[in-house]
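Position 1 is the first residue of the sequence, and the numbers go up from there.
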Amino acid sequence: QVQLVESGGGLVQPGGSLRLSCAASGVSFITYAMAWFRQAPGKEREFVAAISQRTGSIPYANSVKGRFTISKDNAKSTVFLQMNNLKPEDTAVYYCAAARGIIMSQLRSQSGYDHWGQGTQVTVSS
């Protein structure tokens, strides 16, 4: 059974940093594209960042470019989201997602992903 287990969420002040982790099991991790999405209260789930061996350049949402960095450790089957200079508008539940055989044009789309984590809350507030 595929499972994605997230950690690292919490409360942080504006301008602060957090690093989210997503540990994957039950998948051939190196062959999967991994992504982060987020959903704020009353808002639709939106794309944040993705990483794939088939991606020439790592895509990020415009709202997080220059502040967030996605990376992965294949040996640990874990994907990370380093979030710097956090803003109140970054407050959301952050979800990890995984997809096998996804193409570049689908990396930003929820429908392109096969598996999802449980979500972890990130709150940015003073």
Side-chain angles (χ1 to χ4, degrees):
Q1 181 65 39
V2 175
Q3 187 173 32
L4 305 177
V5 180
E6 301 169 338
S7 61
L11 175 66
V12 65
Q13 293 185 334
S17 298
L18 285 173
R19 186 177 70 169
L20 306 182
S21 299
C22 173
S25 62
V27 302
S28 182
F29 185 77
I30 195 171
T31 68
Y32 276 68
M34 304 295 297
W36 291 95
F37 290 77
R38 67 186 183 185
Q39 187 168 18
K43 303 292 182 63
E44 295 184 357
R45 190 172 300 182
E46 66 176 352
F47 172 79
V48 176
I51 186 167
S52 172
Q53 294 292 108
R54 299 179 181 180
T55 303
S57 60
I58 300 172
Y60 292 92
N62 289 334
S63 60
V64 307
K65 286 181 179 178
R67 299 188 298 119
F68 290 12
T69 302
I70 188 171
S71 63
K72 64 176 181 175
D73 185 335
N74 289 328
K76 297 180 179 179
S77 295
T78 301
V79 63
F80 305 95
L81 185 68
Q82 179 66 47
M83 304 184 293
N84 297 326
N85 192 25
L86 283 161
K87 303 175 180 180
E89 51 263 43
D90 295 318
T91 296
V93 177
Y94 283 71
Y95 296 91
C96 177
R100 184 170 68 96
I102 195 170
I103 61 175
M104 185 179 299
S105 63
Q106 294 292 315
L107 286 175
R108 298 174 182 266
S109 175
Q110 295 182 58
S111 63
Y113 293 87
D114 305 305
H115 309 288
W116 293 83
Q118 77 285 356
T120 185
Q121 177 71 48
V122 172
T123 302
V124 185
S125 176
S126 60

How about Glu44: does its CD atom have over 12 heavy atoms from other parts shown lying under 6.0 Å from it?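 For Glu44, atom CD is not crowded (no more than 12 foreign heavy atoms under 6.0 Å).
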
Does [X] belong to the same Ile/Leu/Val/Met/Phe/Trp/Tyr cluster as [Y], with side-chain heavy atoms less than 4.5 Å apart forming each link?
{"X": "Phe80", "Y": "Tyr113", "result": "no"}
{"X": "Tyr94", "Y": "Tyr60", "result": "yes"}
{"X": "Val27", "Y": "Ile103", "result": "no"}
{"X": "Leu20", "Y": "Val5", "result": "no"}
{"X": "Ile58", "Y": "Leu81", "result": "yes"}

Min side-chain heavy-atom separation [X]-[Y] under 4.5 Å:
{"X": "Val124", "Y": "Glu89", "value": "no"}
{"X": "Ser17", "Y": "Gln82", "value": "yes"}
{"X": "Thr69", "Y": "Met83", "value": "no"}
{"X": "Pro14", "Y": "Pro88", "value": "yes"}

Measure the [atom1]-[atom2] distance between [X] and [Y] for me, rounded to the nearest 0.5 Å.
{"X": "Thr91", "Y": "Leu86", "atom1": "OG1", "atom2": "CG", "result": "8.5 Å"}
{"X": "Gln3", "Y": "Ser25", "atom1": "CD", "atom2": "OG", "result": "5.0 Å"}
{"X": "Trp36", "Y": "Ile70", "atom1": "CH2", "atom2": "CD1", "result": "8.0 Å"}

Between Ser109 and Ser111, a side-chain donor and acceptor under 3.5 Å: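 There is such a pair (donor and acceptor under 3.5 Å, judged by atom type) between the side chains of Ser109 and Ser111.
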
No-hydrogen, no-angle side-chain donor-acceptor test under 3.5 Å, Thr78 and Asp73: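 No, Asp73 and Thr78 have no side-chain donor paired with an acceptor closer than 3.5 Å.
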
Please name the pair of heavy atoms, one in [X] and one in [Y], separated by the smallest distance, quoted to 0.1 Å.
{"X": "His115", "Y": "Tyr32", "result": "CD2-CE2, 4.0 Å"}
{"X": "Gln118", "Y": "Leu4", "result": "OE1-O, 3.2 Å"}
{"X": "Met34", "Y": "Cys22", "result": "CE-SG, 4.4 Å"}
{"X": "Pro59", "Y": "Leu107", "result": "CG-CD1, 4.1 Å"}
{"X": "Ile51", "Y": "Val79", "result": "CG2-CG2, 4.3 Å"}

Face-on cation placement of Lys72 at Phe29 ring, 6.0 Å and 45° thresholds: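 Satisfied, under 6.0 Å and within 45°.
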
Carefully, step by step, assess Glu6 and Ser21 under the rule side-chain contact (heavy atoms from CB on, under 4.5 Å). CA-CA 6 Å; Glu6 301 169 338; Ser21 299; over 6 Å; no

Do the rings of Trp116 and Phe37 sit parallel, tilted or perpendicular, given the 30° and 60° boundaries?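 Judged by the thresholds at 30° and 60°, the geometry between Trp116 and Phe37 is tilted.
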
Residue pairs passing the salt bridge (Lys or Arg N to Asp or Glu O under 4.0 Å) test where at least one lies in residues 13-39, sequence neighbours excluded: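 Output for this query lists Arg38-Glu46, Arg38-Asp90.
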
Working note: Lys87 + Arg67, criterion side-chain contact (heavy atoms from CB on, under 4.5 Å); need CA distance, chi angles, decisive distance, verdict. CA-CA 10 Å; Lys87 303 175 180 180; Arg67 299 188 298 119; 3.9 Å; yes

